[in-house]
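Please read the structure below before turning to the comments.
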Amino acid sequence: APGFLNLTLRDSYLTDYLSAMRENTRLGLPTTENPRTIVLDYGGPNVAKPLHVGHLRSAIIGDSVKRICRFFGDRVVGDVQMGDWGLQMGLIIAELHERRPDLPFFYSSLTGEYPAEAPFTISELEEIYPAASAKAKEDPAFAAKAHDATFQLQSGHSGYRALWEKIMQVSLADLKRNYEKLNVSFDVWFGESDAQPFIEPMLAGFRERGLTRQSDGAEVMDVAEEGDAKEVPPCILVKSDGATLYATTDLATLVERERDFRPDKVLYIVDKRQSLHFEQVFRAARKAGIVRPE
């Protein structure tokens, strides 16, 4: 009459069940009948910047998800996906140029090899970035210099590329030490820079198929769908000044992952505040056929 169904289990049943779990190396859990290939995107550290609590959260949750999926028999590729190619690189290069204009990385007439050793430590790098970021907010000329340095780096400036390699060398060693202390591991250490070769061919394909349009000088892809409860803005791929954005890099990263791993599923461990960004990216990826339909 009260709407409850009460079950009472015999002590002998519970004892036998728990004893069987203890004697089974898999605790009684079966492996999946159809193992999947899963790319797991977690970590997301920015090069030349210290880890913060948000990185700790995604690293621990991500590594836990990886272990659970592997325990059930899935093949999981864990990718740290570093921020290593954006404006923070231009800020560091611009600040180093002002502090150390004598460094050979800034010589336009250099004919020999660049120095093998990095001209800074990780502690110095972690001080340089916030200083440069604060300066850019106060000094428009310095901000323009940082943007230009970013453009030059991404366009192949030999000195800036060599300096970027030193930044990566120092930062990567520090990141690996920190993640090792957390008992967190990654199978591949890719970053935004790894996706760059895929961007132009990808955009060219979008244009050929008429998937993009111009909007106030920017190039966008419409991703709104019938039945949306709230507005989903277009996904901006190229800004009016010709620069690409995180969405462009994330789409190119999916192109790269499809080529390298042919995953059945790609999982992202990210902050809830990035929900709209990834909703736009995932819709664009499905619309363009980068990933297979769900």
Side-chain angles (χ1 to χ4, degrees), residues 44-50 80-122 124-137 139-175 188-204 218-219 236-253 255-256:
N46 287 309
V47 168
K49 296 170 65 177
V80 67
Q81 198 55 209
M82 297 174 289
D84 66 349
W85 201 240
L87 179 59
Q88 78 264 28
M89 294 293 108
L91 287 165
I92 293 169
I93 291 170
E95 180 67 12
L96 278 170
H97 184 265
E98 297 210 343
R99 296 186 184 193
R100 300 281 305 280
D102 58 312
L103 290 175
F105 302 99
F106 304 120
Y107 295 171
S108 59
S109 58
L110 182 70
T111 56
E113 295 184 354
Y114 293 102
E117 296 297 320
F120 38 67
T121 65
I122 186 62
E124 290 170 331
L125 268 184
E126 290 179 350
E127 180 276 324
I128 287 171
Y129 173 75
S133 181
K135 184 186 293 185
K137 294 174 183 177
D139 185 348
F142 179 80
K145 182 176 180 178
H147 280 281
D148 182 66
T150 305
F151 176 79
Q152 295 293 335
L153 169 66
Q154 297 179 357
S155 299
H157 186 291
S158 60
Y160 291 0
R161 284 290 179 97
L163 187 55
W164 173 81
E165 289 174 2
K166 304 307 175 193
I167 296 172
M168 291 297 297
Q169 174 187 323
V170 171
S171 294
L172 201 53
D174 184 65
L175 284 171
V188 292
W189 287 77
F190 291 160
E192 295 170 328
S193 59
D194 293 287
Q196 294 305 302
F198 299 88
I199 287 180
E200 283 307 320
M202 177 188 74
L203 291 175
E219 187 171 8
I236 303 175
L237 302 173
V238 183
K239 294 196 299 183
S240 57
D241 61 2
T244 54
L245 296 94
Y246 286 126
T248 329
T249 300
D250 284 332
L251 285 167
T253 298
V255 172
E256 181 182 25

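Nothing fancy with the numbering, it's 1 onward along the sequence.
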T244 and K239: side-chain contact (heavy atoms from CB on, under 4.5 Å), yes or no, with the steps? CA-CA 6 Å; T244 54; K239 294 196 299 183; over 6 Å; no
Report the distance from atom [atom1] of [X] to atom [atom2] of [Y], rounding to the nearest 0.5 Å.
X    : Y    : atom1 : atom2 : value
M168 : W189 : CE    : CH2   : 10.0 Å
L91  : Q88  : CG    : CD    : 8.0 Å
T249 : Q81  : OG1   : CD    : 8.5 Å

Applying side-chain contact (heavy atoms from CB on, under 4.5 Å), run through V80 and F190 and close with a yes or a no. CA-CA 6 Å; V80 67; F190 291 160; over 6 Å; no
Test side-chain contact (heavy atoms from CB on, under 4.5 Å) on V47 and L172 and set out the steps. CA-CA 8 Å; V47 168; L172 201 53; over 6 Å; no
Heavy-atom closest pair, residues [X] and [Y]:
X    : Y    : result
A195 : A252 : O-CB, 3.6 Å
A136 : A143 : O-CB, 3.5 Å
A149 : G90  : CB-O, 3.8 Å
A131 : R99  : CB-NH2, 3.6 Å

Do [X] and [Y] have side chains that get closer than 4.5 Å, going by heavy atoms?
X    : Y    : value
L103 : F106 : yes
L203 : T248 : yes
L96  : F105 : no
M89  : I92  : yes
L251 : L237 : yes
T121 : V170 : no

Could you check L175 against M82 for side-chain contact (heavy atoms from CB on, under 4.5 Å), going step by step and ending with a plain yes or no? CA-CA 10 Å; L175 284 171; M82 297 174 289; 4.1 Å; yes
List the residues meeting side chain to side chain donor-acceptor pair (under 3.5 Å) with E256, not counting sequence neighbours, and say none if there are none. none
Name all residues meeting the side chain to side chain donor-acceptor pair (under 3.5 Å) criterion together with D84; count only those two or more places apart in sequence or in a different chain, and write none if there are none.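 Once residues adjacent in sequence are excluded, the partners of D84 under the side chain to side chain donor-acceptor pair (under 3.5 Å) criterion are S193.
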Whether over 12 other heavy atoms sit under 6.0 Å from Y246 OH: no
Restricting to pairs with a member in residues 140-155, which pass salt bridge (charged side-chain N to carboxylate O under 4.0 Å, His left out), not counting sequence neighbours? E98-K145
Check: S171 main-chain N/O paired with D174 side-chain donor or acceptor under 3.5 Å: no
Would a distance-only check, ignoring hydrogens and angles, find a side-chain to backbone donor-acceptor pair under 3.5 Å from E192 to W85? yes
Only pairs at least two apart or in different chains count here, so list each side chain to side chain donor-acceptor pair (under 3.5 Å) that has a residue in residues 156-166.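 The answer is Y114-S158.
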NZ/NE/NH1/NH2 to OD/OE distance under 4.0 Å, E126 and K49: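 So E126 does not pair with K49 through a salt bridge.
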For I236, all residues meeting side-chain contact (heavy atoms from CB on, under 4.5 Å), sequence neighbours excluded: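 A218, V220, L245.
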Partner set under side-chain contact (heavy atoms from CB on, under 4.5 Å) for V255, not counting sequence neighbours: F198, M202, I290
